[in-house]
Amino acid sequence: MDWGALQTILGGVNKHSTSIGKIWLTVLFIFRIMILVVAAERVWGDEQDDFICNTLQPGCKNVCYDHFFPISHIRLWALQLIFVSTPALLVAMHVAYRRHEKKRQFRKGDQKCEYKDIEEIRKQRFHIEGSLWWTYTSSIFFRLVFEAVFMYAFYFMYDGFRMPRLMKCNAWPCPNTVDCFVSRPTEKTVFTIFMIAVSSICILLNVAELCYLVTKFFLRRSKKAGNPKHHPNHENKEETKQNEMNELISDSCQNTVIGFSS
Amino acid sequence: MSWGFLRDLLSGVNKYSTGIGRIWVAVVFIFRLLVYVAAAENIWKYEHDEFECNIKQPGCENVCFDHFFPVSHIRLWALQLIMVSTPSLLVVFHVAYRENREKHYNQKLYKSPGQIDGGLLCTYLISLILKTGFEIVFLVLFYKLYNGFKVPRLVKCDMRPCPSTVDCYISKPTEKMIFLYFLVATSCLCIVLNLSELSYFIFKYSIKCYLKRYNKKCQ
């Protein structure tokens, strides 16, 4: 069980996403999960071993490390990625539910069902409309919220996105204010800024997708309202008028024929 | 043999679960198993090396560590995940038994071997009760072993061979505490899901029984 399993689950959602959604998923897999696993984990691998304080007092290093890093960057990113990926599961569950309903209809032999076999239902791609639109839009909204919350938590916990070289610590049992040195601060700053930049790109993509979906929804609505063929009352009025005209014509024809015959 | 094996087993259970059961499987995979493997394991990786006591007496650190952590948090977490996932296998075994019976007698004995009714319903309910039971047992065990879910920065130890009461410092206590609370929250969520599923079945089948009796009376 690892990130690969998450990738398999999310890959299934890809089929039913918009183009922007597919780009978001690609960015997530390549620029976030892969970078985390392949590079970032190694950079933070020796973080406590190489965190050195200028004192021999036992326990001072542990306490200072805990004070400055209540939760490690790498763990926060892992949690962020898990939380940000989870809303897509709502869409996966909705699609699975729809497929299940269609399979049930097919098995009952419903004439409304237009599929030839179950394989076709399994491979079918659902369009984002109706209740699926609401599920998809909610999932994007939650993604945005989680991204924003984690970015804020990062900024709040570490006073910005820079990793300092030196931290001054006077937590007990350190005998006085002690200098503590962080390992690989520049490399960590580079990766932090990279991850924040990619988070921001993902936020922009989500906002763009949200705008696209909302615009599409309103356009579709206005098309339905403006299209006369689909307006039932209008249709009935037209039909009744035509019926009346037809009756008038047939009456006048009959009268003429009767007139001729007599 | 690793967590992937458990994942594959549970994917099989997903087929015969209700909607709430599938949400439970998703919560276990993503918020418990994935968080464990991707984040939590590394926090506790060097817990013994980084456990430091304010003394040079050989053996004192070992003895104090053993006294305060009889079973490490992370091992208890792993055991909890395994025990909580295992009752679902009862359902898989029962469905396999049904399918075998149909093959053996070469005729359709059940409407569908995977449909939750009759004996399979009892098995499913038992698995739900066991899952909930294990969750509660492990939460209580965590609470009793570690005096709550807090991880202190400093523990005072006076076990032999430590010459006197010695200060020992635990590594990454805040991070460990955050993940312990996360563990507790997801456990509680799983308990709520299991209880909802149990209530759903009890409610559904009580209504069915009541309607049957009512129809019989009318006839």
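For the numbers below, each heavy atom of this structure counts, side chains included, while hydrogens, waters and symmetry mates do not. Quick note on labels: first sequence line is chain A, next is B, and so on, each numbered from 1.
Counting non-hydrogen atoms of other residues, nucleotides and ligands closer than 6.0 Å to CG of A:Leu56 gives a total of 12 or fewer. A 6.0 Å sphere centred on CZ of A:Phe142 holds no more than 12 heavy atoms belonging to other residues, nucleotides or ligands. Around CZ of A:Phe141, the count of heavy atoms belonging to other residues, nucleotides or ligands within 6.0 Å does not exceed 12. Within 6.0 Å of atom CZ in A:Phe150, more than 12 heavy atoms from other residues, nucleotides or ligands are found, so the atom counts as buried in its surroundings. Environment of CE in A:Met157: crowded, with over 12 heavy atoms of neighbouring residues, nucleotides or ligands closer than 6.0 Å. No more than 12 heavy atoms of other residues, nucleotides or ligands shown are found within 6.0 angstrom of OH on B:Tyr143. A:His67 NE2: 12 or fewer foreign heavy atoms inside a 6.0 Å radius. Few gaps surround OH on B:Tyr181; more than 12 heavy atoms of other groups in view lie less than 6.0 Å from it.
Here A:Trp172 is the residue among A:Tyr65, A:Trp77, A:Trp172 with the most heavy-atom pairs under 4.5 Å with chain B. No other option in A:Leu81, A:Val37, A:Leu79 has as many heavy-atom pairs under 4.5 Å with chain B as A:Leu79. Comparing B:Asn54, B:Ile170, B:Leu154 by heavy-atom pairs within less than 4.5 Å of chain A, the highest count is held by B:Asn54. Looking only at heavy-atom pairs under 4.5 Å with chain A, the residue among B:Phe51, B:Tyr36, B:Phe179, B:Tyr46 that has the most is B:Phe179.
Contact of A:Ile74 with chain B is not made at all, since no heavy-atom distance falls under 4.5 Å. The part of B:Cys53 that comes within reach of chain A is its backbone (N, CA, C, O), which places non-hydrogen atoms under 4.5 angstrom from that chain. Both the backbone and the side chain of A:Ser72 come within less than 4.5 Å of a heavy atom of chain B.
From B:Asn42, atom CG reaches atom CH2 of A:Trp44 across 14.0 Å, with rounding to the nearest 0.5 Å. The structure places OG1 of A:Thr86 at 8.5 Å from CG of B:Leu34, a figure rounded to the nearest 0.5 Å. Rounded to the nearest 0.5 Å, atoms CZ (B:Phe29) and CG (A:Leu89) are 11.5 Å apart.
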Output, in order, the C-alpha distance, side-chain angles, deciding distance and verdict of side-chain contact (heavy atoms from CB on, under 4.5 Å) for B:Glu175 and A:Arg75. CA-CA 9 Å; B:Glu175 203 166 3; A:Arg75 250 78 65 183; 2.8 Å; yes
Could you walk me through whether A:Phe83 and B:Ile30 pass the side-chain contact (heavy atoms from CB on, under 4.5 Å) test, one step at a time? CA-CA 9 Å; A:Phe83 274 89; B:Ile30 295 177; over 6 Å; no
Take A:Asp66 and B:Lys172 through the test salt bridge (Lys or Arg N to Asp or Glu O under 4.0 Å) and record every step on the way to the result. CA-CA 5 Å; A:Asp66 182 63; B:Lys172 310 194 214 202; over 6 Å; no
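Here the side chains of B:Tyr169 and A:Cys60 are not in contact, with every heavy-atom distance at 4.5 Å or above. Put simply, the side chain of B:Glu50 reaches to within 4.5 Å of the side chain of A:Gln48, judged on heavy atoms.
Looking at every heavy atom in both residues, A:Met93 comes nearest to B:Ala26 through CE-CB, 4.1 Å. When all heavy atoms are compared, the tightest approach of A:Ala78 to B:Ala39 is CB-CB, 4.3 Å. Across every non-hydrogen atom of B:Arg153 and A:Ala171, the tightest pair is NH1-CB, 4.5 Å.
Side chains of A:Asn62 and B:Ser171: no donor on one and acceptor on the other come within 3.5 Å.
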